[in-house]
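Here is the structure we will look at.
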Amino acid sequence: PAWKEFCTLVRDIVGLSDVGTQDNLTDREKVILRHICMAKSNKQIAIDLDLNEKTVRNHASNIFAKVGAQSRQEVILRFSRQFADMVQ
(Lines give C-alpha, C1' and ligand atoms only; values in the text may rest on other atoms or scores of the structure.)
Protein backbone atom coordinates (compact mmCIF):
# COMPACT_ATOMS: atom_id res chain seq x y z
CA PRO A 1 0.00 0.00 0.00
CA ALA A 2 2.85 2.40 0.76
CA TRP A 3 4.29 1.91 -2.74
CA LYS A 4 1.06 3.12 -4.37
CA GLU A 5 0.96 6.16 -2.08
CA PHE A 6 4.60 6.90 -2.84
CA CYS A 7 3.99 6.69 -6.61
CA THR A 8 0.99 8.99 -6.31
CA LEU A 9 3.05 11.52 -4.36
CA VAL A 10 5.89 11.40 -6.92
CA ARG A 11 3.40 11.88 -9.79
CA ASP A 12 1.90 14.87 -8.01
CA ILE A 13 5.33 16.41 -7.37
CA VAL A 14 6.53 16.02 -10.96
CA GLY A 15 3.20 17.10 -12.44
CA LEU A 16 1.99 13.74 -13.72
CA SER A 17 -1.12 13.46 -11.59
CA ASP A 18 -3.29 13.48 -14.71
CA VAL A 19 -2.47 9.95 -15.75
CA GLY A 20 -2.52 9.36 -19.49
CA THR A 21 -5.00 6.96 -20.99
CA GLN A 22 -4.61 3.67 -22.79
CA ASP A 23 -7.87 4.13 -24.68
CA ASN A 24 -6.24 4.97 -28.00
CA LEU A 25 -3.64 2.19 -27.87
CA THR A 26 -3.92 -0.97 -29.95
CA ASP A 27 -4.12 -4.31 -28.19
CA ARG A 28 -0.48 -5.04 -29.10
CA GLU A 29 0.60 -1.63 -27.75
CA LYS A 30 -1.21 -2.34 -24.47
CA VAL A 31 0.67 -5.63 -24.12
CA ILE A 32 3.98 -3.90 -24.81
CA LEU A 33 3.06 -1.12 -22.37
CA ARG A 34 2.56 -3.74 -19.65
CA HIS A 35 6.02 -5.14 -20.36
CA ILE A 36 7.54 -1.64 -20.32
CA CYS A 37 5.93 -1.07 -16.92
CA MET A 38 7.68 -4.22 -15.72
CA ALA A 39 10.95 -2.39 -16.59
CA LYS A 40 11.83 -4.81 -19.37
CA SER A 41 14.16 -3.76 -22.17
CA ASN A 42 13.01 -3.77 -25.79
CA LYS A 43 15.21 -6.80 -26.34
CA GLN A 44 13.57 -8.73 -23.50
CA ILE A 45 10.09 -7.73 -24.63
CA ALA A 46 10.93 -8.92 -28.15
CA ILE A 47 12.09 -12.28 -26.79
CA ASP A 48 9.03 -12.66 -24.55
CA LEU A 49 6.57 -11.80 -27.33
CA ASP A 50 8.50 -13.45 -30.17
CA LEU A 51 8.86 -10.17 -32.04
CA ASN A 52 11.70 -8.35 -33.75
CA GLU A 53 13.40 -5.84 -31.44
CA LYS A 54 12.85 -3.07 -34.01
CA THR A 55 9.12 -3.86 -34.00
CA VAL A 56 9.04 -3.44 -30.22
CA ARG A 57 10.96 -0.16 -30.52
CA ASN A 58 8.45 1.11 -33.09
CA HIS A 59 5.50 0.14 -30.89
CA ALA A 60 7.15 1.82 -27.89
CA SER A 61 7.63 5.03 -29.90
CA ASN A 62 3.97 4.94 -30.93
CA ILE A 63 2.93 4.42 -27.30
CA PHE A 64 5.03 7.39 -26.17
CA ALA A 65 3.50 9.61 -28.87
CA LYS A 66 -0.07 8.53 -28.18
CA VAL A 67 0.15 9.13 -24.43
CA GLY A 68 2.24 12.29 -24.75
CA ALA A 69 5.28 10.94 -22.92
CA GLN A 70 8.86 11.98 -23.61
CA SER A 71 10.62 8.94 -22.14
CA ARG A 72 10.27 5.36 -21.00
CA GLN A 73 10.54 6.56 -17.39
CA GLU A 74 7.61 8.91 -17.84
CA VAL A 75 5.49 6.09 -19.26
CA ILE A 76 6.41 3.88 -16.30
CA LEU A 77 5.50 6.65 -13.85
CA ARG A 78 2.17 7.25 -15.54
CA PHE A 79 1.05 3.66 -15.92
CA SER A 80 2.84 1.68 -13.22
CA ARG A 81 -0.12 1.95 -10.84
CA GLN A 82 -2.35 0.24 -13.36
CA PHE A 83 0.08 -2.67 -13.63
CA ALA A 84 1.34 -2.71 -10.03
CA ASP A 85 0.17 -6.28 -9.50
CA MET A 86 2.43 -7.40 -12.35
CA VAL A 87 5.63 -5.91 -10.93
CA GLN A 88 5.28 -6.94 -7.29
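Residues K66 and T26 meet the side-chain proximity criterion, which asks for heavy atoms closer than 4.5 Å. Side chains of L49 and V31 form a contact here, defined as non-hydrogen atoms less than 4.5 Å apart. Within the 4.5 Å cutoff, side-chain heavy atoms of N42 are placed close to those of R72.
Rounding to the nearest 0.5 Å places NZ of K40 at 3.5 Å from CG of D48.
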> Stepwise, does the side-chain contact (heavy atoms from CB on, under 4.5 Å) test hold for F79 with I36?
Replying inline: CA-CA 9 Å; F79 293 99; I36 289 171; over 6 Å; no
>> Quick one, I32 with I63, criterion side-chain contact (heavy atoms from CB on, under 4.5 Å). Give me CA distance, side-chain angles, the key distance, then yes/no.
In response: CA-CA 9 Å; I32 291 174; I63 292 166; 4.0 Å; yes
> Step by step, would you call I45 with H59 a side-chain contact (heavy atoms from CB on, under 4.5 Å)?
Replying inline: CA-CA 11 Å; I45 296 169; H59 280 301; over 6 Å; no
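For the residue pair L51 and R28, the shortest heavy atom distance occurs at CD1-NH1, 3.9 Å. When every heavy atom of R78 is checked against every heavy atom of A69, the shortest pair comes out as NH1-N, 4.3 Å.
Shown are N62, N24, V67; of these, the side-chain contact (heavy atoms from CB on, under 4.5 Å) with E29 is made only by N62.
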